[in-house]
Structure formats: structure tokens, C-alpha cells
Number of protein chains: 2
Amino acid sequence: MTEVAAARRDVLLATAEQLFAARGYQATSVRDIAEAMDIKAGSLYAHIETKEDLLWEILTAAADRFFAAADPIVESDLLPMEKLRQLIAAHVQVITDGASLAAVYMNEWRHLTDLRRTEFTARRDAYEALVRGIVRDGIRSGELADLDEKFATLLILSSMNWIYQWYRTDGPMTPDEIARKLTEMLFKGLRRAGA
Amino acid sequence: MTEVAAARRDVLLATAEQLFAARGYQATSVRDIAEAMDIKAGSLYAHIETKEDLLWEILTAAADRFFAAADPIVESDLLPMEKLRQLIAAHVQVITDGASLAAVYMNEWRHLTDLRRTEFTARRDAYEALVRGIVRDGIRSGELADLDEKFATLLILSSMNWIYQWYRTDGPMTPDEIARKLTEMLFKGLRRAGA
DNA sequence: GAGTTTAGCTAGCGCTTGTTAGGTGAGGTG
DNA sequence: CACCTCACCTAACAAGCGCTAGCTAAACTC
């Protein structure tokens, strides 16, 4: 693939990502995508084989980003609590850095056909296990309270994964600020200290 | 509408709810719904005018449930913290009581056409404002820490609204248990007390 | 400058979509 | 017993879907 061709492919993927995020995979036709690129529908097939390939590549790229952000932190020798703090910051960064990518990642994977859907959910579960491992270590080391490890993991993930729903690049909070506030609320709780 | 007709309509709505939750609105055809009811596609139109009506009624019913659960708590004269505790329990109850209804409520509203989508999001915002009001009162009364009121509200809502993704009726946790654990983690935080 | 590659075009395929018109037959009503 | 209601049927419609075959023309390669 030449540089020009690769660049054009990137435009295609970016366009599909935007539309899938805004309308959903099923509600976006290949004609919609083509029109947004100012080409004809049939011409898309110079770059891809099927519409689902587009979804698959977007989802894979999204998963790659989450792992790329998390792996070095998981493998570091920081204390669990500091790992968790950094992982939250990294995860939030990935989401705010590409909110439409995150939207597709959270919502559209179920339109994959069987084999790929299985592979996707397996990677998703693997990521959850990564987070859970840190939570477990934190409980063992006594930095975290003695809580239900699975439930706590879901609480952390759910609070992070909701962000793409309301985050706007031109909003009042920076990604760092979001991560900082989220970490503080999750760790310290909402109740007034000493109440 | 006779009783028989109303009952049949309920079956239709329940069937559509299941399928919309499992596959999404756009990926569910009226033929799919008809087949699940063991009738022909055209026969659906004895009960509804358009496919979107189905989605609209399901979404409206879902919103009604959340408000019906929250209103008496909001209007009670309990202390803010106790209000929040009860609201979380009620909200979780609605979600676990009808996980597929919750799934449609969270994911499919964007397939409404303009007018209805606007009306839906307005109600959703109104519900968020309800929760936010309690959080504000809690901060003022000193029961809650001095935190970003909007952000705290989103944290609470996001952690509740994620539950339908993993909750199973035959799972190990009862709705009450979920609400209790969630409340405790949200209020006390994940960090070990006094650490 | 001949030869090759390739992004995009046109035209159309087989199929599915939501929806409609008109008919059938069982059950209830007077 | 005649009448009516209505849940459901059959058959078809116009439009849209993903995708393909065969072509054009511009840009690269040697």
C-alpha cells in the first residue's frame, strides 16, 4: 500500500468512525460514508472488502489504545494505589482524546458477527482483568478498603466509560482535571470526611 | 381498546423491548418482531402506526418508571444523604427489575426522530436535575463533601446506569445488595479508612 | 514514452426494509 | 340468525441496502 493509499484509507476510517459514533453502525450506510468523503459508494470497495471490516478496524484500533495506555502502568513496580491513579488518568486520556472512537468502542461492538464479537469481548474482558488485578493488589496491600473486588472494578470502569457521553473538547474541564476529580471522588468517597 | 387487544399490545411491546435490547432498534426489523410473536409482519400494524411508535412507547414507559421511583423520595422531607441512599436503591431496582428496558433506555433513544428525541433528552435532563438537586442539598447541609456538584451527579448516575450491562437475574447479587454496596463505595470511597 | 497501477466512476444485481390495501374468519352483540 | 368487530392474513409497493463488474483516467515506474 502506497503512502497516498494509506492516507486515503485513514480518511475513510476516520469518516466511518465519526458516522458510526453519531448514528450507530446499522444506521450508517456505505452511501453515507462515501458521501461524507465526496466519492461514490462503490469506490469505497477499493479500500475495504466489507462494511464490517470498517467497524472491526475501528474497534481494534480502540482496544489497542486502551492496552497501549494501560500496559506500561500495569507492568511498572509502583504501589497498587498509584498504579490505579495512573491507569485512571491514562484511560480517561484515551477517551477524551477520541470521544467518537470511545463511543463506537462502547456501543457498536455487538454488531460484529459471531467470531469477531467473541474475539472483541475476550479482549475487553482481558482489560477488565488488568484493572481488577490492580484492585486486588490494592486490597491485599491494605491501601484499598476490604471491598468486593469485582464490584469495585466495575464501579471504576463504569465511571470512566461514561465520560464520552458528556465530554466536549471545548467544555470547561481538561482531561487531567477530569481524571483528578474522578480519582479523588472514587478514592475518598462523596461523604464529608469525618462525618 | 378491548382487554384482549390491550393484552396483545403489551405482548407486542414486550417482544419489541427484548429484541431492541438484544440487537438494537435499527438491527431489528418489523418482520423479526412479528416472527417472535408468531404472526406476519403486516399484522403488527393492527396495533401500531409506525415502527418508531414502538420505540417511543418503550422509552416513555422506561422514563415513567424512573420518575415514579424517584418522585416520592425527592418530595419527602428526609435528609439529603438519606434521600440519596433511597434514590440509588430505587433507581437500581428499576434497572434490575427490567434490564432489557434499561438497555433500550440507555442505548436506543438516539434513533428517535428529531421532535421525540428532543422531548426524550429533555426528560432525561430533568431526571438528572432531580439527582443533582439532592447532591446540592447534601453539600449545603454538610453531609456530603464540598465537591463539584455536577461531576458528582454524573459519577452517581454513570455507576448506576452501567449495571444493566452485567446484571443477570440469576447472578449472585440481589438488587438490594447491589444498591447497598454501590452506596457504600460511593459514599465511603475505595481507600481504606484512615489510610 | 510505453506499460502498470489504482482511485474513483457508472450501472445494476439480489435482497431486505417499513408500510399499505384488501380480504378472511372467528367471536361477540342485537 | 344477521350483523359487526377486529386480529391476522396475503400480496405487493417503493425505497434503500451491501456489494460487484467493468470501465476511465490520472499518476507512477522503468
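The shown structure was predicted, so the numbers you read here are calculated from the model rather than taken from an experiment. Reminder, nothing fancy here: chain letters follow the sequence lines and each chain counts from 1.
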> What is the distance from CG of A:Asp32 to P of D:dC17, rounded to the nearest Å?
Replying inline: 6 Å
> What's the CG-C1' distance between B:Leu44 and D:dC6, to the nearest Å?
Replying inline: 15 Å
> Whole Å only: how far is the CD atom of B:Glu52 from the P atom of C:dG18?
Replying inline: 12 Å
> Do the side-chain N and O atoms of B:Thr50 and B:Glu52 include a donor-acceptor pair separated by under 3.5 angstrom?
Replying inline: no
> Which whole-number value in Å describes the distance from A:Leu54 CG to D:dG18 C1'?
Replying inline: 12 Å
> Who are the salt bridge (charged side-chain N to carboxylate O under 4.0 Å, His left out) partners of A:Arg136, not counting sequence neighbours?
Replying inline: A:Glu149
>> Just the rounded figure in Å: distance from C1' of D:dT5 to NE2 of B:His47.
In response: 14 Å
> Whole-Å distance between D:dC17 C1' and A:Glu35 CD?
Replying inline: 15 Å
> Can we say B:Arg123 and B:Asp64 salt-bridge, meaning some charged N sits less than 4.0 Å from an Asp/Glu carboxylate O?
Replying inline: yes
> Does a side-chain N or O from A:Tyr45 land closer than 4.0 Å to OP1 or OP2 of D:dC19, or not?
Replying inline: yes
> Considering residues at least two apart in sequence or located in another chain, which fulfil the side-chain contact (heavy atoms from CB on, under 4.5 Å) criterion with A:Ser159?
Replying inline: A:Leu182, A:Leu186, B:Leu155, B:Ser158
> Under the salt bridge (charged side-chain N to carboxylate O under 4.0 Å, His left out) rule, what pairs show up with a residue in residues 171-187 of chain B, not counting sequence neighbours?
Replying inline: A:Asp148-B:Lys181, B:Glu184-B:Lys188
> D:dA7 P sits how many Å from B:Ile33 CD1, rounded?
Replying inline: 18 Å
> By side chain to side chain donor-acceptor pair (under 3.5 Å), which residues pair with B:Tyr167, not counting sequence neighbours?
Replying inline: none
> Considering residues at least two apart in sequence or located in another chain, which fulfil the side-chain contact (heavy atoms from CB on, under 4.5 Å) criterion with A:Leu78?
Replying inline: A:Ser76, A:Glu82, A:Lys83, A:Gln86
> How would you list, by chain and number, every residue that makes a side-chain contact (heavy atoms from CB on, under 4.5 Å) with A:Ala90, sequence neighbours excluded?
Replying inline: A:Ala69, A:Ile73
>> If I take atom CD in residue A:Glu49 and atom P in nucleotide D:dG18, what distance separates them, rounded to the nearest angstrom?
In response: 17 Å
Atom pairs under 3.5 Å, N or O on each side, protein against nucleotides 24-27 of chain C: can you list them with distances?
none

> For DNA chain C, what residues of residues 19-30 of chain B have any heavy atom nearer than 4.0 Å?
Replying inline: B:Thr28, B:Ser29, B:Val30
>> Does the protein touch nucleotides 9-14 of chain D at the base, only the backbone, or not at all? Give it as B, S and - per nucleotide, heavy atoms under 4.0 Å.
In response: BB-B--
> Under the salt bridge (charged side-chain N to carboxylate O under 4.0 Å, His left out) test, which residues partner A:Glu128, sequence neighbours left out?
Replying inline: none
>> For A:Asp146, give me all partners under salt bridge (charged side-chain N to carboxylate O under 4.0 Å, His left out), at least two apart in sequence or on another chain.
In response: none
>> I'd like to check the salt bridge (charged side-chain N to carboxylate O under 4.0 Å, His left out) partners of A:Arg31; sequence neighbours left out, ordered by chain and number.
In response: none
>> Looking at D:dA7, I'd like to know if its phosphate oxygens (OP1 or OP2) sit under 4.0 Å from a side-chain N or O belonging to B:Arg9.
In response: no
